[in-house]
Amino acid sequence: MPELPEVEIIRRQLLPLVGSEIIRASADDEDLFADGLTPENVVVRLQGKTINNFERYGKFLLLEAGENWLIFHPRMSGKIWYRTDPPPLPDRVKLELDLSGESEEKLFFTSLRRFSRFYWQERGNPGQHPKIAKMGPDPLHSEYTFDNFKNNLSGRRGAIKNLLLDQSFVAGIGNIYACEICFRSGIDPRRSADNISSTEARKIFDTIIEVLKEAIAAGGSSLNQESSATVYRGVGGEVGSYSDQHRVYGRENENCPRCDGEVKKIKLGGRSTFFCPDCQK
DNA sequence: CAATCGTCCTGCGGGC
DNA sequence: TGCCCGCAGGACGATT
């Protein structure tokens, strides 16, 4: 569910907690813990540690606890809540952190579909973690340059939209923003990456930053609004409004906002893909 | 190496 | 009304 913008919003909302000590931790559901983590030992590793920072790479949220890093990937349905009571069912708490300070609020990590993963990086910096090391540049970091982008593009032959979803190409884009980026770039999502012109590549490169930043400014994309338990929410339960600005995602059969065409929905690489066949070339 | 496909899991909404 | 099926914002591993 959360893509780069949603994880970035969560990170910014959590930043005021930097400096807090983890007084008590509890964890459940061993399937979600990787790198030798278990619900038992993660508690031992976290308790008594100070939260020194929250960072983000792609869709990974990075929590610096003492000298080490707890790395959380929300995948489809992961959420982080900052509140006094456990979040409402059917969400179930996988990790709870009680922090020092006056506040009664605690951090709750949930994962309705249980796809989320907790990873661990001992000392050093989280970029050394193998999952992060093999990722492409993060569009909001300085290593995201057009030269780099164009180099990574060469030799790729698959559909451009699938390439945008490939985390080793660019980090942080998911299905919603891949559709929106193709639309805003005027590029047919089915176009093979190897016949994207330099001008078009430049357009896509710029649009990636533009769309992601706009989404952050709008509080992220929350599909289905209040109705679904899987909807994206900020740490205080806030719903994002960027879905109101989606040009094509979730808008099958609606009028194209740019031409006389109609938004279509197809499958591409097994994923729902929304686009306007009339003005995306 | 790069691309495709099935799979993991739970809850919801549509159709019959 | 109730049940069954398909679908969902992600990524991994096996296979071609």
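Labels below follow one simple rule: chain letters A, B, ... track the order of the sequence lines, proteins then strands, and each chain is numbered from 1.
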Sugar-phosphate only, base, or nothing, as touched by Y249(A) at under 4.0 Å among non-hydrogen atoms: sugar-phosphate
Touch class at under 4.0 angstrom, heavy-atom based, for R156(A) against every strand present: sugar-phosphate
E210(A)/R184(A) ion pair, N-O < 4.0 Å: yes
Geometric class of the F33(A)/F118(A) ring pair [parallel <30°, tilted 30-60°, perpendicular >60°]: parallel
Nucleotide-resolved protein contact map, nucleotides 11-16 of chain C, B/S/- at heavy-atom distance under 4.0 Å: SS----
Exercise: do S168(A) and D166(A) side chains pair donor with acceptor under 3.5 Å: yes
Atom-pair distance (CG on D31(A); P on dC9(B)), nearest Å: 7 Å
dA8(C) OP1/OP2 closer than 4.0 Å to side-chain N/O of K267(A): yes
Protein-nucleotide distance (I181(A), atom CD1; dG9(C), atom C1'), rounded to Å: 14 Å
Rounded interatomic separation in angstrom, taking CG from N152(A) and P from dC1(B): 15 Å
Chi angles and distances behind the side chain to side chain contact (heavy atoms under 4.5 Å, CB included) call for D188(A), F275(A): CA-CA 7 Å; D188(A) 188 316; F275(A) 74 114; 3.9 Å; yes
Electrostatic pair R24(A):E96(A) at N-O distance under 4.0 angstrom: yes
Salt-bridge criterion met for R11(A) and E8(A) (N-O under 4.0 Å): yes
Euclidean distance, atom NZ of residue K265(A) to atom P of dG6(C) [Å, nearest integer]: 14 Å
Any donor-acceptor N/O pair under 3.5 Å between dC9(B) base and R113(A) side chain: yes
Lys/Arg-Asp/Glu bridge criterion (N-O < 4.0 Å) met for D194(A), R156(A): no
Interatomic distance, L268(A) CG vs dA8(C) C1' [rounded to whole Å]: 17 Å
Watson-Crick or G-U pairs under 3.5 Å in DNA chain B, rendered as dot-bracket with [ ] for crossing pairs and | for another strand: .|||||||.|||||||
Spacing of L32(A) atom CG relative to dC9(B) atom P, expressed in whole Å: 11 Å
Parallel, tilted or perpendicular: rings of H246(A) and Y242(A) (30°, 60°): perpendicular
Sugar-phosphate only, base, or nothing, as touched by G270(A) at under 4.0 Å among non-hydrogen atoms: nothing
Interatomic distance where CG belongs to N162(A) and P belongs to dA3(B) [whole Å]: 9 Å
Salt bridge present between R56(A) and D138(A) (N-O < 4.0 angstrom): yes
Short N-O contact, E200(A) and R202(A), less than 4.0 angstrom: no
Spacing of the P atoms in dC5(B) and dC7(C) (rounded, Å): 15 Å
Sugar-phosphate only, base, or nothing, as touched by S111(A) at under 4.0 Å among non-hydrogen atoms: nothing
Separation of dG11(B) C1' from K79(A) NZ (nearest whole Å): 11 Å
